[in-house]
*Asks:* 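Got a structure here, written out as structure tokens. Questions coming.
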Number of protein chains: 2
Amino acid sequence: MGIIEKRAKHKEEFRREILDSAREVFINDGYDGFSMRKLAEKIDYSPTTIYLYFKNKDDLLFAICEEFFANFFAELNHIRSVFRDPVETLRQAFLYLMNFGLKNPNQYKLIFFTKSVYGTREELVEQVSMARNTYFVFKEIVQDCINAGKLRKIEVDVIVDTLSMASHGVIAKNIHCANFSKERSDVAAHTLVDILLRGLQK
Amino acid sequence: MGIIEKRAKHKEEFRREILDSAREVFINDGYDGFSMRKLAEKIDYSPTTIYLYFKNKDDLLFAICEEFFANFFAELNHIRSVFRDPVETLRQAFLYLMNFGLKNPNQYKLIFFTKSVYGTREELVEQVSMARNTYFVFKEIVQDCINAGKLRKIEVDVIVDTLSMASHGVIAKNIHCANFSKERSDVAAHTLVDILLRGLQK
DNA sequence: TAACTATATTAACAGTGTTAATAATAAATA
DNA sequence: TATTTATTATTAACACTGTTAATATAGTTA
């Protein structure tokens, strides 16, 4: 494809193409394995062209993260509208995140373990982002359980922290133990969920 | 220091010096931030000299990991000899790992999250290593609780998996949430331990 | 003294993220 | 229509990276 054909593309459309290719490379090769030159070759452009559409490597990652959180946010709202029991809602919300991680460990790692793309907690809460929205709705799901008097007397923020810790741990273990079979991983993960909700409830 | 003085050093002693400096660089700058050239400058040798004492970058990391597991192994045996109640022994064993991670998140990350230095679970169990020894003694601590009839009917390997998941999660969260205050981190972590042991016991 | 071994060095290869300068085309204006 | 301007793409370059090959030097032994 020559330079003339390349110019025919529309800006937004091309940005999407770059982002989709970038996600593939990020997920397949990890944050370190990803390279601007590799992505450039994949989309058949020079490496510097990417810089016209994204500030840098981390800007690409940020865009990918926001897309994930947009989906997660929508799913949490859906779960909330479907389940009536607050504890069951919490369980399903947690399971969704964990199962996403088990099915897409590389993407989970990319979003949660690679870099602190959203800065500090204060910065996350101050700046508008899908990550912020997701954080708030998850917190509300926990608060619903507390309001219904279902949980032991533990600060809502602490519960949110412990649950995200647990989810992170499931995926971290899954990634670290190279030959952790899918079945074994699932068994341990779901056992952990049971233990957690058992230990949390009155 | 000229080439003549450098030659006076003894091999084993020098290997130690390199390893200690390498640990510092690895912990301060992370796995990616570490570079052979950086380490070489620190010890005032050329980068290639390091290759006479260690096979490569990952060989340095392996040596650092083995040192950690040697300490962890010794500590687990000590805890086991001090506490009588098996559940309390398990709690202390778990707390030791978790608190190490909270105090040394970068080193914990280096050992558990960076690379699968010990390969698959099968490879870990087959090859002699301090990591293997540590794995076995931790499993025995859990088995003692089961033998004493203190825990719910859950496979010992599954319990070990869930506990290591939890510990990994605490540290992963601690690292990811940039401005997670030390206090907040400690509260969530210790709450998680309570929830876990509560959910595990009969 | 000559040969050999151990230890250290420099130079090089192929790769990285990113910036600066430049070319070329499309669009807008005189 | 001719000319200027804006947009988009390019190449070249900088300072890094892990690692290997070839080379030089010092110490030990025959």
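Residue numbering restarts at 1 for every chain, and letters A, B, ... go by the order of the sequence lines. What you see is a predicted model, and the numbers here were worked out from it, not measured in a lab.
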*Asks:* If you only use heavy atoms from C-beta on, which nucleotide in dT20(D), dT9(C), dG17(C) is closest to the side chain of Tyr45(B)?
*Replies:* dT9(C)

*Asks:* Taking donor-acceptor contacts at under 3.5 Å, does the side chain of Thr48(A) reach the base of dT11(D)?
*Replies:*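 Answer is yes: a donor-acceptor pair is held.
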
*Asks:* Any sub-3.5 Å donor-acceptor pair from Ser21(B)'s side-chain atoms to Ile18(B)'s backbone N or O?
*Replies:*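 Checked: no pair found.
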
*Asks:* Using a 3.5 Å distance criterion without hydrogens, assess whether the side chain of Asp44(A) forms a donor-acceptor pair with backbone atoms of Ala40(A).
*Replies:* no

*Asks:* dA9(D) C1' sits how many Å from Leu52(A) CG, rounded?
*Replies:*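 About 7 Å, once rounded to whole Å.
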
*Asks:* Any luck finding a side-chain donor-acceptor pair between Glu66(A) and Tyr118(A) under 3.5 Å?
*Replies:* yes

*Asks:* Rounding to a whole Å, what distance do you find between Glu13(B):CD and dT7(C):C1'?
*Replies:* 16 Å

*Asks:* So if I take every side-chain heavy atom of Pro47(B) and compare against dA8(C), dT19(D), dG17(C), which nucleotide ends up nearest?
*Replies:* dT19(D)

*Asks:* Using atom OH of Tyr51(A) as one end and atom C1' of dC14(D) as the other, report the distance to the nearest whole Å.
*Replies:*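 One finds 13 Å between C1' of dC14(D) and OH of Tyr51(A), rounded.
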
*Asks:* Give me the atom names and distance for the closest heavy-atom approach of Ser167(B) to Tyr108(B).
*Replies:*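 Minimum heavy-atom contact is OG-OH, 2.8 Å.
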
*Asks:* Run the salt-bridge test on Asp144(A) and Arg80(A) with the 4.0 Å N-O cut-off and return the result as yes or no.
*Replies:*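 Salt bridge flag = yes for Arg80(A) with Asp144(A).
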
*Asks:* Rounded to whole angstroms, how far apart are CD on Glu41(B) and P on dG18(D)?
*Replies:* 13 Å

*Asks:* For DNA chain D, find the residues of residues 20-38 of chain B with a heavy-atom distance under 4.0 Å and give them by number; none if there aren't any.
*Replies:*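 Output list: Phe34(B), Ser35(B), Met36(B), Arg37(B).
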
*Asks:* Which listed nucleotide (dA9(D), dT10(C), dT18(C)) is nearest to the side chain of Asn56(A)?
*Replies:* dT18(C)

*Asks:* Side-chain donor or acceptor of Thr49(A) under 3.5 Å from a matching atom on the base of dT10(D)?
*Replies:*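 It does not, because no donor-acceptor pair links the side chain of Thr49(A) to the base of dT10(D) below 3.5 Å.
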
*Asks:* From dT9(C), dT7(C), dT8(D), pick the nucleotide closest to the side chain of Tyr53(A)?
*Replies:* dT8(D)

*Asks:* Whole-Å distance between dC16(D) P and Leu39(B) CG?
*Replies:*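 Taking atom P of dC16(D) as the reference, CG of Leu39(B) is at 17 Å.
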
*Asks:* To the nearest angstrom, how far is Lys11(B) atom NZ from dA8(C) atom C1'?
*Replies:* 12 Å

*Asks:* Can you give me the closest heavy-atom contact between Phe112(A) and His176(B), atom names plus distance?
*Replies:* O-ND1, 2.7 Å

*Asks:* Starting from P on dT20(D), measure out to NZ on Lys57(B) and report it in whole angstrom.
*Replies:* 14 Å

*Asks:* Could you verify whether a donor N or O on one side chain and an acceptor N or O on the other, from Lys173(A) and Ser164(B), lie under 3.5 Å apart?
*Replies:*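 The answer is yes; a qualifying pair exists.
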
*Asks:* Write down the distance between CD1 (Ile50(B)) and P (dA8(C)), rounded to a whole number of angstrom.
*Replies:*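 Computing the Ile50(B):CD1 to dA8(C):P distance gives 11 Å.
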
